[in-house]
**Q** 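Sharing a structure below in structure tokens format, with a few things to ask.
Since the model is a prediction, treat every value here as computed from it, not as a measurement. Positions are given from 1 along the sequence.
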Amino acid sequence: MTTVDPTAVLVRLKLSLLRNGLRQSAGRRAVYITSLVFVLLYAALQLLGLFALRGHAHVGAVVVLLVEVLALGWAVMPLFFPSSDETLDPSRLVMLPLRPGPLVRALLVASLVGIGPLFTLSLLAGSAISTAHGAAAYATSVVAVVLTLLICVALARAVATANIRLLSSRKGRDLAVLSGLVVAVGLQFLNFGVRRLGSGGLSQLEPVGQVVRWVPPASAIGAVDSVSRGSYGVGAAQLALSAAALAGLLALWSRSLTKVMTTPDASTLQAAEPASGERSARNLSGLLPAGRAGTVMERSLRYIWRDPKTKAAWVTSLAIGLIVPVFNALQGVGSLYFVCIASALLGLQMFNQFGQDTSAFWMVAMTISSPRDAYAELRGRALALLLIALPHLALVTVVMTVLLDAWAKVPGVLGLSLALLGAMLATGSWASTRFPYSVPQEGYRNAAPGQAGLVWASFLGGMIAAALLASPVIAAAIWLNVAAGGERWTWLLLPVGAGYGALLALLGLRLAAPRAARRLPEILAAVSKG
């Protein structure tokens, strides 16, 4: 009986699927070729930069950190883009008579086909060449590059296989939507790192590089630098560490494959008890006020927790509202008034309230028969927002105050933030009834085709109006900080700002409610579009 090697079969299968996919349309071919060209150009620029660092005193620290960040990207990308390579989904091979060992080998080799591995190979080759000096170092670099590439690919596959049930579920789609948060946070870290390097040079990387060069897979590239310096024993130990890491990843991957291909999907099994999310929701409902306000608050909080788009917007606002002020404070260019950034970002969540419900808004619309019902609906949504926004504002204020040691400014900053939040609630309530738009559940679009103008009108008009509404408190804060002896009275901004913000929010809800009750058919048609 002839045994077919699954490695060759899977490689040919992936190449065939790639070729047939490109034959489907000229647009797909253009996108693929354009992506390939840009990746190759970027890789070429990276290679030139690494070659330029050859001979630099701190090039060893630079390349090991670069490799470790690259490996981190391989590890987390399958979590945020689970459908980027459906041909390597092991759950599609469940019915085939394949053993874990040959299957791991076949999938590992097939994973090397693609733009990502090609880009990684170019960076690894440049990193190795920039640190290699001498025949022994060049020989070590060949082993190090192959070993590091295999670790990156095996790491991505092991993570994807271990989480394949998650990635194919609703929570997996949550992770995909939240990828924008990772990019935003990563940009803040990159900005912070570039500023630090610009002020102190590459020598600041040495302490971290000394540690990272012993962390796989960067330890394999670190071995090239060690051999170049004549430390053959250290280089051998670093290579052995990376080889052990690869063996461990392959073993973990094989174990996960066995579990995926032999364990029934949990979705086919009857639940023995309510999910933890349902239990926590029942516990939460007992803490909310009775009547329609509490019901609306609970529904809004469920959307925040369960709906991927709503969750992504909230988590992004909470994270960026904390990260941007803190990073500026750590770089010495921050101000306690940066807390207002968090206030503005959280206030934006009040915009397009009905559009967040998508086509399910018709069930809410059936319960609204008068301006009083519309007011109760909008008030419940605003209270749910405040339930999260107020503790977050307090947290950001405390953190920034500790970092900047500006305790005297806390009342004024909090008062200004609360006034701005109240103004955003007012304009958001009105904009939700005047400029409603649909939020597609699939993909990364935040509005249906043809509704981009509504999005810009809602957000830009609402933010400008909020700034104008909060201008009295803003002017008072500026005057008290500039006028002689005015700092003694900045504490008055806290009660004034809180009261003024509450008044604005209440007025906005009162004015938006009659419009919402009157325009229910138009709102329902707008939010159900697409």
Side-chain angles (χ1 to χ4, degrees), residues 39-75 108 111-112 116-156 189-190 193-194 196-250:
V39 168
L40 292 177
L41 286 176
Y42 185 72
L45 293 175
Q46 292 288 332
L47 281 174
L48 291 176
L50 290 171
F51 290 159
L53 288 175
R54 181 176 171 82
H56 194 280
H58 306 292
V59 65
V62 173
V63 296
V64 295
L65 288 172
L66 175 64
V67 171
E68 201 64 33
V69 170
L70 191 64
L72 180 63
W74 274 93
L108 181 63
S111 300
L112 296 174
L118 178 62
F119 174 74
T120 303
L121 179 62
S122 65
L123 287 188
L124 294 178
S127 300
I129 293 174
S130 65
T131 56
H133 299 280
Y138 279 108
T140 304
S141 66
V142 175
V143 179
V145 168
V146 174
L147 194 58
T148 306
L149 179 61
L150 292 178
I151 290 177
C152 289
V153 175
L155 181 60
F189 278 99
L190 180 62
V194 169
R196 290 292 302 271
L197 290 178
S199 61
L202 296 178
S203 60
Q204 296 189 69
L205 299 178
E206 282 296 336
V208 181
Q210 292 297 327
V211 177
V212 173
R213 68 176 63 248
W214 287 99
V215 179
S219 57
I221 300 299
V224 179
D225 185 43
S226 298
V227 172
S228 298
R229 299 174 184 271
S231 303
Y232 300 106
V234 174
Q238 290 171 317
L239 280 179
L241 189 60
S242 293
L246 178 59
L249 282 174
L250 293 178

**Q** Can you name the side-chain hydrogen bond (donor to acceptor under 3.5 Å, both in side chains) partners of S242, sequence neighbours left out?
**A**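 Checked S242 against side-chain hydrogen bond (donor to acceptor under 3.5 Å, both in side chains); matches are S219.
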
**Q** Just how far is it from atom CG of L118 to atom CG of L40, taken to the nearest 0.5 Å?
**A**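 Going from CG on L118 over to CG on L40, the span is 5.5 Å.
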
**Q** Strictly by side chain to side chain donor-acceptor pair (under 3.5 Å), give each pair with a member in residues 117-126 just once, sequence neighbours left out.
**A**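 Sorted pair list: W74-T120.
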
**Q** Could you give the distance from CG (L50) to OG1 (T131), rounded to the nearest 0.5 Å?
**A**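 Here the interatomic distance stands at 9.5 Å.
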
**Q** Count the heavy atoms belonging to other residues, nucleotides or ligands that lie under 6.0 Å from CZ of F51, then report whether that count exceeds 12.
**A**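 It does: F51 CZ has more than 12 such atoms within range.
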
**Q** List the atom of S130, the atom of H133, and the distance in Å for their closest heavy-atom pair.
**A**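 Distance-wise, the nearest heavy atoms are O-NE2, 4.4 Å.
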
**Q** Which residues pass the side-chain contact (heavy atoms from CB on, under 4.5 Å) test with V145, not counting sequence neighbours?
**A**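 Partners of V145 by the side-chain contact (heavy atoms from CB on, under 4.5 Å) criterion, ordered by chain and then number, come out as L121, L124, A128.
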
**Q** Testing the basics here: between L147 and L239, what is the closest heavy-atom pair and its distance to 0.1 Å?
**A**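 Answer, listing the atom of L147 first, then L239: CD2-O, 3.7 Å.
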
**Q** Can you list the residues that meet the side-chain contact (heavy atoms from CB on, under 4.5 Å) rule with A52, with sequence neighbours excluded?
**A**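 None.
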
**Q** Using the test side-chain contact (heavy atoms from CB on, under 4.5 Å), find all partners of L250 that sit at least two apart in sequence or belong to another chain.
**A**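 With sequence neighbours excluded, L250 shows a side-chain contact (heavy atoms from CB on, under 4.5 Å) to V104, L108, A154, L246, W253, given in chain and number order.
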
**Q** Which residues pass the side-chain hydrogen bond (donor to acceptor under 3.5 Å, both in side chains) test with S127, not counting sequence neighbours?
**A**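 For S127, no residue satisfies side-chain hydrogen bond (donor to acceptor under 3.5 Å, both in side chains) once neighbours in sequence are set aside.
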
**Q** Quick one, L112 with L150, criterion side chain to side chain contact (heavy atoms under 4.5 Å, CB included). Give me CA distance, side-chain angles, the key distance, then yes/no.
**A** CA-CA 8 Å; L112 296 174; L150 292 178; 4.3 Å; yes

**Q** Table please: side-chain donor-acceptor pairs of residues 61-72 below 3.5 Å, with sequence neighbours left out.
**A**
unit_1: E68; atom_1: OE1; unit_2: A218; atom_2: N; d: 3.4

**Q** Give me the atom names and distance for the closest heavy-atom approach of A144 to V224.
**A**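 Looks like CB-CG2, 3.8 Å.
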
**Q** Mind jotting down which residue pairs meet the salt bridge (Lys or Arg N to Asp or Glu O under 4.0 Å) criterion with at least one end in residues 134-148? Sequence neighbours excluded, please.
**A**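 Output for this query is empty, none listed.
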
**Q** What are the two closest non-hydrogen atoms of L241 and W214, and how far apart are they?
**A**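 Residues L241 and W214, closest heavy atoms: CD2-O, 2.9 Å.
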
**Q** Quick one: salt bridge (Lys or Arg N to Asp or Glu O under 4.0 Å) pairs with a partner in residues 223-244, sequence neighbours left out?
**A**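 Only R213-D225, D225-R229 qualify under salt bridge (Lys or Arg N to Asp or Glu O under 4.0 Å).
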
**Q** To the nearest 0.5 Å, tell me how far I221 CD1 sits from L123 CG.
**A**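 Rounded to the nearest 0.5 Å, the CD1-CG separation comes to 10.5 Å.
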
**Q** So, using side-chain hydrogen bond (donor to acceptor under 3.5 Å, both in side chains) as the criterion, who are the partners of S226 when residues are at least two apart?
**A**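 side-chain hydrogen bond (donor to acceptor under 3.5 Å, both in side chains) list for S226, sorted by chain: Q238.
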
**Q** Does Y138 have any side-chain hydrogen bond (donor to acceptor under 3.5 Å, both in side chains) partners at least two apart in sequence or in another chain, and if so, which?
**A**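 For Y138, the residues satisfying side-chain hydrogen bond (donor to acceptor under 3.5 Å, both in side chains) (neighbours in sequence not counted) are R54.
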
**Q** By side-chain contact (heavy atoms from CB on, under 4.5 Å), which residues pair with V39, not counting sequence neighbours?
**A**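 V39 satisfies side-chain contact (heavy atoms from CB on, under 4.5 Å) with I115, F119 once adjacent residues are dropped.
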
